[in-house]
Enquirer: 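Have a look at this one.
Quantities reported herein were computed from a predicted structural model and do not represent experimental measurements.
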Amino acid sequence: MTQLALTDLLILSMIIPIVGAIIISRLDKHINLRETATIVTAIILFIINVDIYLSLDLDHAKDVAASRFTFAEPIKGLSIAFSATAFGSLFALIASGLWIATSIYAIGYMRAHNEKQQTRFYVLFAVAIAGVMAVAYSDNLFTLFLFYEILTVSTYPLVTHAGTRDARKGGKTYILILMGSSILFFLPAMVIVYFVSGTLTFQEGGILADNLDMIWAAPLLLMFLFGISKAGLMPLHKWLPAAMVAPTPVSALLHAVAVVKAGVFSVMKVVVFIFGTDFITESGANHWLIWIPLTTIVLASFIALTKDNLKERLAYSTISQLSYIILGALLANEAGILGGTMHIAMHAFAKIALFFAAGAILVASHKKYVSELAGLGRVMPFTFIVFTIGTLSIIGLPFFGGMWSKWYLISGGLNFQGPEATYWAVLIGLTVSSLLNIYYLLSIPMTAFFNKPVKSSTENDHAGGHPVSEGIKEAPIACLIGMAIPTFITIYLFFDPQVFYRLSSTLTNF
């Protein structure tokens with residue numbers, strides 16, 4: 001494939017979702033065609049990203065741009081530019097691939113749940129995916145920042161889709177935290193980088209080592225960590241549980257994959273290509289900053305234990321799991337970077353399966369609390385098998401893809417060069433969190449399969465001698481197909497993780 005063809009593919013990856021959104025918007029009265037257009041657009045985008053991946057020479061190069069093109073240069077030396085890189089390809093493949101699964105799932109969910117404004121939902125979803133593609137293939141920090149903000153704005157109407165008081169309240173929290181943190185921390189940090197280095201272009205090994213005094217490395221990196229609040233670090237994490245008022249397809253893709261992964265993707269880009277891992281370790285910046293994701297991992301796990309609302313429990317699980325990726329970045333060694341990057345993929349497939357299962361439970365049984373799920377696994381076995389598989393991958397057990405990212409993260413912890421107290425805290429934190437995962441996630445399908453249904457007083461009055469679960473069955477077939485796709489991939493990635501391993505290993509510049 002020629003250089004020009006690869007550049008064309010990059011442009012198409014951002015244009016195709018927009019074209020799809022326009023077509024979808026014209027099919028409001030033709031729902032079957034509207035949904036077909038959504039799926040076809042998602043498939044075309046995925047094929048384009050596969051072509052970009054196949055065009056990269058992963059055997060003979062690190063994560064360097066295979067092609068670049070500049071869309072505009074508003075200020076000399078400050079451009080809106082894009083390039084094809086291995087790390088960008090990883091993020092784009094995940095997001096576009098799971099858009100297919102989510103589009104199929106959404107057909108069953110949106111119809112069965114009688115959601116309003118379904119055309120607007122599909123249109124805005126496509127626009128958000130276009131923003132994700134732009135973030136994935138950003139060639140510099142300015143471009144990434146620009147489309148990071150566009151992604152926030154474009155997903156706000158999806159969060160407030162229901163139009164209820166709770167939806168508006170959740171949307172307010174969502175937009176205030178994400179936009180506020182960007183203005184207070186992300187934007188000033190980016191300006192500082194440009195001021196001291198004269199460039200914002202991502203470079204292998206970073207751009208700050210020869211331009212910034214080591215004493216300022218930790219404060220500047222802290223500004224990025226809190227400025228990129230899509231990564232969900234505490235205390236700037238409240239937007240994610242607030243966003244759970246959105247329809248489950250939104251929660252699944254945008255808040256288990258696209259939005260949150262845009263956050264950790266951005267942090268990883270900043271660590272590896274702005275600071276450089278050598279500069280971070282030599283300055284010692286990670287010796288105390290690493291406590292932030294470590295604290296988030298453990299605290300979010302404990303909070304998840306207290307949540308009876310299933311989607312809220314999954315939201316706090318996501319907050320904890322995102323900090324695994326940030327932890328891997330701040331370990332700043334080969335295994336840590338590899339584990340954190342692979343966890344972007346492994347967590348995405350497992351967590352979207354969990355959210356899909358939660359949505360299927362709501363559609364089929366109208367239940368949203370963990371305390372209501374006893375015995376439900378007997379009438380919805382497929383849904384709870386999916387939930388079990390996603391859970392086992394999140395925990396990091398064999399035969400599921402999550403094992404490999406946890407393997408490298410623990411290896412990164414064992415190889416961490418820092419204070420002894422921090423070294424042991426990392427290993428203990430990862431272990432405790434994994435044990436808590438077992439308790440707050442695996443207990444859900446166990447209860448659903450093996451506990452007897454508990455009747456409330458209202459159910460006792462109306463049951464009339466019939467089982468409480470009578471009439472409940474699996475969600476619509478479209479939901480089940482959508483659930484099956486990430487579940488299968490989660491299992492497959494244990495036996496063949498090479499695609500994401502090769503893409504992740506390009507970041508380990510050692």
Enquirer: Keeping K307 on the side-chain end and E312 on the backbone end, is there a donor-acceptor pair under 3.5 Å?
Expert: no
Enquirer: Heavy-atom count check: over 12 atoms from other residues, nucleotides or ligands less than 6.0 Å from W291 CH2?
Expert: yes
Enquirer: Do S301 and S320 have a side chain donor and acceptor closer than 3.5 Å?
Expert: yes
Enquirer: Measure the spacing between OH of Y109 and CE of M483 and express it to the nearest 0.5 Å.
Expert: 13.0 Å
Enquirer: For the pair M14 and F82, evaluate side-chain contact (heavy atoms from CB on, under 4.5 Å) and give the outcome as yes or no after the intermediate values.
Expert: CA-CA 10 Å; M14 289 166 270; F82 304 92; 3.6 Å; yes
Enquirer: Do F145 and F186 have ring centroids that are under 6.0 Å from one another?
Expert: yes
Enquirer: Give a yes or no on whether Y501 atom OH has more than 12 heavy-atom contacts from other residues, nucleotides or ligands under 6.0 Å away.
Expert: no
Enquirer: From K473 NZ over to T383 OG1, what is the distance, rounded to the nearest 0.5 angstrom?
Expert: 13.0 Å
Enquirer: Starting from the C-alpha separation in whole Å, work towards a yes-or-no answer on side-chain contact (heavy atoms from CB on, under 4.5 Å) for V259 and Y174.
Expert: CA-CA 11 Å; V259 170; Y174 179 85; 3.8 Å; yes
Enquirer: Measuring from I15:CD1 to L45:CG, what's the distance to the nearest 0.5 Å?
Expert: 12.0 Å
Enquirer: Could you tell me whether the side chain of F399 reaches within less than 4.5 Å of the side chain of F495, counting heavy atoms only?
Expert: yes
Enquirer: Is it the case that the side chains of H343 and K406 hold a donor-acceptor pair, with the cut-off being a distance below 3.5 Å and no angle test?
Expert: no
Enquirer: Between the main-chain N or O of K169 and the side-chain N or O of T173, is there a donor-acceptor pair closer than 3.5 Å?
Expert: yes
Enquirer: Which heavy-atom pair separates P476 from G108 by the least distance, and what is that distance?
Expert: CG-O, 3.9 Å
Enquirer: Suppose we screen for side-chain contact (heavy atoms from CB on, under 4.5 Å). Which residues come up paired with T447, at least two apart in sequence or across chains?
Expert: A374, N451
Enquirer: Rounded to the nearest 0.5 Å, how far does CD1 of I361 lie from CD1 of I444?
Expert: 8.0 Å
Enquirer: Indicate yes or no: at least one non-hydrogen side-chain atom of V123 is less than 4.5 angstrom from one of I22.
Expert: no
Enquirer: Taking the six-membered ring for Trp and the single ring otherwise, decide whether the centroids of Y492 and F349 are under 6.0 Å apart.
Expert: no
Enquirer: Do Y53 and R502 touch side chain to side chain, with heavy atoms closer than 4.5 Å?
Expert: yes
Enquirer: Would you find a donor on one side and an acceptor on the other, under 3.5 Å apart, between the side chain of S154 and the backbone of L151?
Expert: yes
Enquirer: Could you tell me which residues satisfy salt bridge (Lys or Arg N to Asp or Glu O under 4.0 Å) with E35, sequence neighbours excluded, listed by chain and number?
Expert: R111
Enquirer: Give me the atom names and distance for the closest heavy-atom approach of A364 to E474.
Expert: CB-C, 4.1 Å
Enquirer: Show, in sequence, the C-alpha distance, side-chain angles and deciding distance for L225 and V270, and conclude whether the side-chain contact (heavy atoms from CB on, under 4.5 Å) test is met.
Expert: CA-CA 9 Å; L225 292 178; V270 166; over 6 Å; no
Enquirer: Does a donor on one side chain and an acceptor on the other come within less than 3.5 Å for T143 and Y137?
Expert: no
Enquirer: Which atom pair, heavy atoms only, marks the closest approach of K368 to L362?
Expert: CB-CD1, 4.3 Å
Enquirer: Please report the interatomic distance CZ(F46) to CD1(I44), rounded to the nearest 0.5 Å.
Expert: 13.5 Å
Enquirer: Rounded to the nearest 0.5 Å, what separates atom CH2 in W239 from atom CG in L178?
Expert: 5.5 Å
Enquirer: Side-chain contact, heavy-atom cut-off 4.5 Å: I297 with Y324?
Expert: yes
Enquirer: Considering non-hydrogen atoms only, spot the tightest contact between I228 and G263 and give its length.
Expert: CG2-O, 3.4 Å
Enquirer: I'd like to know if the side chain of D308 reaches the main chain of S371, judged simply by a donor and an acceptor atom lying under 3.5 Å from each other, with no hydrogens or angles considered.
Expert: yes
Enquirer: I'd like to know if the side chain of S433 reaches the main chain of L430, judged simply by a donor and an acceptor atom lying under 3.5 Å from each other, with no hydrogens or angles considered.
Expert: no
Enquirer: Looking only at atom types and distance, does a side-chain atom of T36 sit under 3.5 Å from a main-chain N or O of N32, one as donor and one as acceptor?
Expert: yes
Enquirer: Kindly give the heavy-atom pair with the smallest separation between T160 and A167, and that separation in Å.
Expert: CG2-O, 3.4 Å
Enquirer: Is there a ring pair (Phe, Tyr, Trp, His ring centres under 6.0 Å) between F387 and F382? Walk through the geometry before answering.
Expert: CA-CA 9 Å; F387 198 99; F382 182 84; over 10 Å; no
Enquirer: Is there side-chain contact between P497 and M346, with heavy atoms separated by less than 4.5 Å?
Expert: yes
Enquirer: Closest approach of R313 and L305, non-hydrogen atoms and distance?
Expert: NH2-O, 3.8 Å
Enquirer: If you apply the rule side-chain contact (heavy atoms from CB on, under 4.5 Å), what do you find for Y122 with L27, and how did you get there?
Expert: CA-CA 11 Å; Y122 288 112; L27 298 172; over 6 Å; no
Enquirer: For the residue pair K230 and Y148, would you count it as a cation-pi contact if the rule is NZ or CZ under 6.0 angstrom from the ring centre and within 45 degrees of the ring axis?
Expert: yes
Enquirer: Heavy-atom distance under 4.5 Å between the side chains of V50 and L93, does that happen here?
Expert: yes
Enquirer: Ignoring hydrogens and angles, tell me if any N or O in the side chain of T506 forms a donor-acceptor pair with the backbone of L503 under 3.5 Å.
Expert: yes
Enquirer: Does L90 reach the side chain of S504, with side-chain heavy atoms less than 4.5 Å apart?
Expert: yes
Enquirer: Please confirm whether F87 and F265 have ring centers closer than 6.0 angstrom.
Expert: yes
Enquirer: Judged by atom type as modelled, is there a donor-acceptor pair below 3.5 Å linking the side chain of Q321 to the main-chain atoms of H347?
Expert: no
Enquirer: Kindly say whether I389 contributes a backbone atom to a donor-acceptor pair with the side chain of S393 at under 3.5 angstrom?
Expert: no
Enquirer: Would you check if the side chain of S323 reaches a backbone N or O of I326 as a donor-acceptor pair within less than 3.5 Å?
Expert: no
Enquirer: Does some side-chain heavy atom of T155 sit less than 4.5 Å from a side-chain heavy atom of V250?
Expert: no
